[in-house]
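Worksheet for the structure shown next.
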Amino acid sequence: MCQEFDTETEDRLSNMAASGTSILITGGAGYLGSILVEMLVERGFSVTVYDNLSYTQNTLFNLFSSGKLKFIYGDVTDQKLMAKVMAEGKYDFIFPLAAVVGFPISEQKPEISWLTNHQAIVNLLKLRKSGQKIIFPNTNSGYGATTGEIFCTEESSLNPISTYGKSKAEAEKAIMASRDAITFRLATLFGFSPRMRTELMVNNFVWKAVTDKGVVLFERSFKRNFLHVRDAARAFMWAMINWEAMKNQIYNLGHPDYNLSKEELAKLIQREVPDFNIFYAEIGQDPDKRNYVVSTDKIRKTGFAFKYGLEDGVNELLEGYNAFKDFRFKNY
Ligand SMILES: NC(=O)c1ccc[n+]([C@@H]2O[C@H](COP(=O)([O-])OP(=O)(O)OC[C@H]3O[C@@H](n4cnc5c(N)ncnc54)[C@H](O)[C@@H]3O)[C@@H](O)[C@H]2O)c1
C-alpha cells in the first residue's frame with residue numbers, strides 16, 4: 001500500500017475502516033473512482049461500486065481478492081434498482097461520482113446527461129437514510145469566463161455554460177440543500193488511472209508530446225487549474241476523517257501551484273520533452289470558455305496538504321504513454 005498521509009492520519013483511516021465504515025460509490029469504475037476505490041480498499045474499508053461500465057472498463061479486477069469490494073452493475077437512472085440498493089445497504093458514506101463527464105459528450109447527449117448528472121442525484125437524495133454522508137465532486141469549470149486574474153473562491157458565482165457544467169451545478173445545489181454533504185469543486189485532473197482519460201488537458205498535451213511531438217494552442221493565455229487524480233482521491237479520505245469540521249461546506253480542490261495558462265502548461269511539458277513543438281493559432285475557441293484562477297485557501301485551512309506535483313504527473317504520463325503507445329481512451 002502506498003502511504004498517502006502521515007502516520008497519524010493513516011492510523012485514523014485504518015481505525016475508521018476497522019470500525020466497519022462502509023461506502024457506496026456510484027461511477028466507481030471511472031477515472032477518479034478506480035483510484036479512490038483502490039485507496040479505500042487497501043485501507044480496509046468496505047466499498048460497494050455501482051456503475052454501468054459505460055466504457056466497458058475493467059478497472060477493478062485486481063481489488064476483488066481483498067474481500068472488501070462489492071460490485072453492482074447498474075445505471076443510476078434505474079430508480080427501481082437504486083431504491084433496492086439503498087434499502088439493502090448500510091452505507092455510512094455515499095460518493096456519487098457517476099456522471100456523463102465533460103463538455104463534448106454532454107453536448108452530444110444532453111438528455112442522458114441531465115438524467116444522470118442531476119435527476120439521478122435528486123433521486124438518490126430521496127432514498128438517502130438519515131445520517132448518511134455524501135461527498136460530491138463538482139467541476140470548477142462553472143467559474144467559466146473571467147479575466148483570469150481574480151481568484152475564484154467558493155463564494156464566487158458559478159455560471160456554467162455547458163450542459164455538463166449546468167447539470168453538475170444543479171446537482172450541487174440539491175446536495176448542499178439536503179445537508180450532511182461536502183462538495184469538492186474539482187480542477188481538471190491529470191495522471192494515470194486504470195480507466196484512462198486522454199482528453200483531459202494535461203493528459204492530452206503529454207499524449208500529443210509523445211505521439212505528434214507538437215500541439216497547436218489557441219487562447220494560449222487562458223488559465224485553468226489542475227490537480228493530480230490521486231490528490232483528488234486523497235481529499236475524499238481527508239473529508240471522511242475530518243467530517244465534523246468540514247461538513248456542509250463547498251471546497252475548491254485544485255493544486256495551488258497550478259493555476260496555469262495553456263501556454264505555461266505546454267512549456268512545462270516542453271521542459272520534460274525538449275522536442276515537443278508548440279504552435280500558436282489566432283483562431284479557435286474553447287467551447288466552455290474557461291479562463292479562471294482558483295483559490296484553494298479554504299481546503300488548505302482544514303490542514304489538507306497536496307502531495308502530487310504537475311512535474312510528477314507529466315513524468316508518470318510520459319513513462320506510461322511510452323510503454324503503451326497504441327492506446328487511446330476518452331469520453332467522446
Ligand atoms: N476528471 C476530472 O477532471 C473531473 C473534474 C471535475 C469533476 N469530476 C467529476 O468526478 C466524477 C468522476 O469523473 P471521472 O473523470 O472519473 O469520469 P469517468 O467518465 O471516467 O467516470 C464516470 C463513471 O460513471 C459511470 N457512469 C456514467 N453514467 C452512469 C450511469 N448512468 N449509471 C451508472 N454509472 C454511470 C461510468 O461508467 C464511469 O465509470 C464525475 O462526477 C465528474 O463530474 C471529474
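Residues: numbered from 1 along the sequence shown. Both ligands and their constituent atoms are indexed starting at 1 by order of listing.
- Ligand 1 has no N or O atom lying under 3.5 Å from any N or O atom of L200, backbone or side chain.
- Taking the six-membered ring where the residue is Trp, Y73 and F71 present tilted rings, their angle falling between 30° and 60°.
- Annotation: the span from M1 atom CE to E42 atom CD amounts to 6.5 Å, rounded to 0.5 Å.
- Within the structure, the closest approach of R185 to ligand 1 does not fall below 4.0 Å when heavy atoms are considered.
- The nearest non-hydrogen atom to atom 16 (O) of ligand 1, considering only I72, T26, T116, L32, comes from L32.
- Any N or O atom pair closer than 3.5 Å counts here, and L186 shares no such pair with ligand 1.
- Near Y55, meaning under 4.0 Å from one of its heavy atoms, ligand 1 places the atoms 19 (O).
- None of H228, R230, H255 except one satisfies the side-chain hydrogen bond (donor to acceptor under 3.5 Å, both in side chains) rule with Y308; the exception is R230.
- Checking only distances, S54 does come within under 3.5 Å of ligand 1, N or O to N or O.
- The nearest non-hydrogen atom to atom 5 (C) of ligand 1, considering only S106, P137, A187, G28, comes from A187.
- Summarising the geometry, atom CG belonging to N252 is positioned 10.0 Å from atom CD belonging to E155; distances are rounded to the nearest 0.5 Å.
- Looking at ligand 1, you'll find an N or O of L97 within less than 3.5 Å of one of its N or O atoms.
- The nearest non-hydrogen atom to atom 34 (N) of ligand 1, considering only V202, N52, V100, comes from N52.
- Taking NZ of K298 as the start and CG of L253 as the end, the distance is 12.5 Å to the nearest 0.5 Å.
- Ligand 1 does not have F136 within reach: every non-hydrogen atom of the residue lies 4.0 Å or more from it.
- In this structure, CD in E38 is found 9.5 Å from CZ in R43, a value given to the nearest 0.5 Å.
- Between Y50 and ligand 1, not a single N/O pair is under 3.5 Å apart.
- Set against the non-hydrogen atoms of G30, the atoms of ligand 1 under 4.0 Å away are 16 (O), 20 (O), 21 (O), 38 (C), 39 (O).
- For the atom pair NZ of K80 and CG of D78, the computed distance is 8.5 Å after rounding to the nearest 0.5 Å.
- Only the side chain of V101 comes within 4.0 Å of ligand 1, counting heavy atoms alone; its backbone N, CA, C and O stay farther away.
- Atoms of ligand 1 lying under 4.0 Å from at least one heavy atom of G27, given by number and element, are 23 (C), 24 (O), 25 (C), 39 (O).
- Separation of atoms OG (S295) and CD (E154) is listed at 6.0 Å; rounding is to 0.5 Å.
- Using the six-membered ring where Trp is involved, Y258 and F190 have ring planes that are perpendicular, over 60° apart on the 30 and 60° scheme.
- Looking at ligand 1, you won't find any N or O of N138 less than 3.5 Å from one of its N or O atoms.
- Contact atoms of ligand 1 toward L53: 37 (O) (distance under 4.0 Å to a heavy atom of the residue).
- Under a 4.0 angstrom heavy-atom cut-off, G74 registers as being in contact with ligand 1.
- Not one N or O of T77 is nearer than 3.5 Å to an N or O of ligand 1, by distance alone.
- The one candidate from D257, L260, L227 that meets the side chain to side chain contact (heavy atoms under 4.5 Å, CB included) condition with L310 is L260.
- In this structure, Y143 has its ring center no closer than 6.0 Å to that of F151.
- Less than 4.0 angstrom separates some heavy atom of K168 from each of these atoms of ligand 1: 40 (C), 41 (O), 42 (C), 43 (O).
- The ring pair (Phe, Tyr, Trp, His ring centres under 6.0 Å) test with F184 singles out one residue from F136, F236, F95, and that residue is F236.
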